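It should be emphasised that the depicted structure is a prediction, and the values quoted were computed from it without experimental measurement. All heavy atoms count here, side chains included; hydrogens, waters and symmetry mates do not. Remember, it's 1-based here, ligands and their atoms both numbered in the order they're listed.
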Amino acid sequence: MLDKIQILFTEEQIRSRVDELAHQVSSDYKNHELVLVAVLRGSIFFTTDLARRIALPLAMDFLSISSYGEGSEGVVRITKDLEQNIAGKDVLLVEDIVDTGFTLKYLLRTLLSRNPNSLEACSLLDRKARRIIDIDLKYVGFEIPDRFVVGYGLDYKQQFRNLPYIGVIQPDKLG
Ligand code: IMP
Ligand code: MG
């Protein structure tokens, strides 16, 4: 099955890009009360790798969502909320991929209503070609073409999250 996956970004490419992002975050958030918020489950590896390379004190929290309909319906629900009160904190929301933008828009709106001192978004992947909602992404790992990708946290039917690389998969070829 793995032979149906075409590598888009190797483990090494991911590591060096995550290093660059962590560097940027470390300088942007100096003297701030940074809270990294990971959106489960897709951004789990990205967030933990990023966090370990940020040279600042920080807190981590997690939320989990479920989406109904395929992307463009944009109906998102929080199934596991943050444990921490983010009022007055500098929150960086970490996503795996922004596609139409509905998911991130919903999350940003929800978190903003809790009065953080600042709120920004960081996504490992950005598939701009499919964007419907205009989103302000402060940090992006890689822009990708309009293809379905898996690995490094991203899944197809809950599989492939554990691949150390990111690859393109053609679901119709998996049977
Ligand atoms: P959006 O709301 O359309 O921006 O969709 C974003 C969400 O859809 C992401 O957080 C992912 O969970 C999922 N998603 C979109 N494209 C892919 C992909 O290529 N592989 C795996 N998950 C994806
Ligand atoms: Mg996701």
Side-chain angles (χ1 to χ4, degrees), residues 1-11 13-15 17-18 21 25 35-51 60-82 86 91-114 119-175:
M1 216 173 192
L2 292 182
D3 58 341
K4 301 284 194 298
I5 296 171
Q6 179 195 325
I7 296 182
L8 197 57
F9 302 108
T10 64
E11 204 174 346
Q13 285 173 308
I14 296 169
R15 187 179 305 127
R17 187 66 188 122
V18 172
L21 290 173
V25 172
V35 181
L36 281 187
V37 171
V39 183
L40 298 175
R41 282 165 270 181
S43 74
I44 183 75
F45 297 117
F46 177 43
T47 307
T48 56
D49 282 346
L50 186 70
M60 296 177 75
D61 209 338
F62 304 87
L63 59 77
S64 197
I65 53 170
S66 72
S67 345
Y68 299 103
E70 288 296 303
S72 59
E73 310 303 317
V75 185
V76 184
R77 189 168 60 92
I78 293 181
T79 54
K80 181 220 168 292
D81 208 335
L82 299 178
I86 57 167
V91 177
L92 183 57
L93 185 61
V94 185
E95 254 289 28
D96 53 356
I97 181 168
V98 182
D99 189 46
T100 61
F102 279 109
T103 305
L104 192 56
K105 184 76 195 174
Y106 169 82
L107 291 175
L108 289 172
R109 197 187 327 118
T110 303
L111 296 186
L112 200 59
S113 73
R114 301 177 189 182
L119 177 62
E120 299 287 354
C122 172
S123 184
L124 174 64
L125 303 176
D126 184 4
R127 196 193 283 115
K128 272 205 177 126
R130 283 179 40 92
R131 192 78 89 256
I132 295 174
I133 307 275
D134 194 29
I135 291 277
D136 193 15
L137 269 175
K138 186 162 185 187
Y139 307 96
V140 171
F142 304 98
E143 271 190 37
I144 63 162
D146 191 6
R147 308 286 300 279
F148 198 85
V149 294
V150 294
Y152 197 62
L154 291 112
D155 74 302
Y156 170 68
K157 295 187 177 171
Q158 298 307 327
Q159 294 294 307
F160 310 111
R161 291 192 198 273
N162 61 317
L163 298 179
Y165 51 83
I166 294 168
V168 169
I169 193 173
Q170 285 176 287
D172 53 310
K173 290 208 177 149
L174 292 173

- [ ] Examine Val150 against ligand 1 and note whether any of their N/O atoms are separated by less than 3.5 Å.
- [x] no
Open item on the list: Can you tell whether the side chains of Asp126 and Arg131 come within less than 4.0 Å, N to carboxylate O?
Closed with: yes
Open item on the list: I'd like to check which ligand 1 atoms, numbered from 1 as shown, lie under 4.0 Å from a non-hydrogen atom of Thr103.
Closed with: 1 (P), 2 (O), 5 (O), 6 (C)
Task: Ring geometry between Phe142 and Phe9 (parallel below 30°, tilted from 30 to 60°, perpendicular above 60°) - done: parallel
- [ ] Would you tell me which option among Arg127, Arg41, Glu95 has the nearest heavy-atom contact to atom 19 (O) of ligand 1?
- [x] Arg127
Task: Atom indices of ligand 1 within 4.0 angstrom of Asp155 heavy atoms, with elements - done: 21 (C)
- [ ] Can you sort out the partners of Asp3 under side chain to side chain contact (heavy atoms under 4.5 Å, CB included), two or more places apart, ordered by chain and number?
- [x] none
Open item on the list: So, regarding Gly101 and ligand 1 (criterion: nitrogen or oxygen to nitrogen or oxygen, under 3.5 Å), is there a contact or not?
Closed with: yes
Open item on the list: Tell me whether Arg114 is salt-bridged to Asp81, with the criterion being a basic N under 4.0 Å from an acidic carboxylate O.
Closed with: yes
TODO: Determine whether more than 12 heavy atoms belonging to other residues, nucleotides or ligands lie under 6.0 Å from atom CG of Asp146.
DONE: yes
Open item on the list: Using a 4.0 Å cut-off to any heavy atom of Val149, which atoms of ligand 1 qualify?
Closed with: 18 (C), 19 (O), 20 (N), 21 (C)
Open item on the list: Any heavy atom of Asp96 closer to ligand 1 than 4.0 angstrom?
Closed with: yes
Open item on the list: Under 4.0 Å, heavy-atom basis, I'd like to know which part of Leu154 is in contact with ligand 1: side chain, backbone, both or neither.
Closed with: side chain
Task: Set of salt bridge (charged side-chain N to carboxylate O under 4.0 Å, His left out) partners for Arg147, sequence neighbours left out - done: none
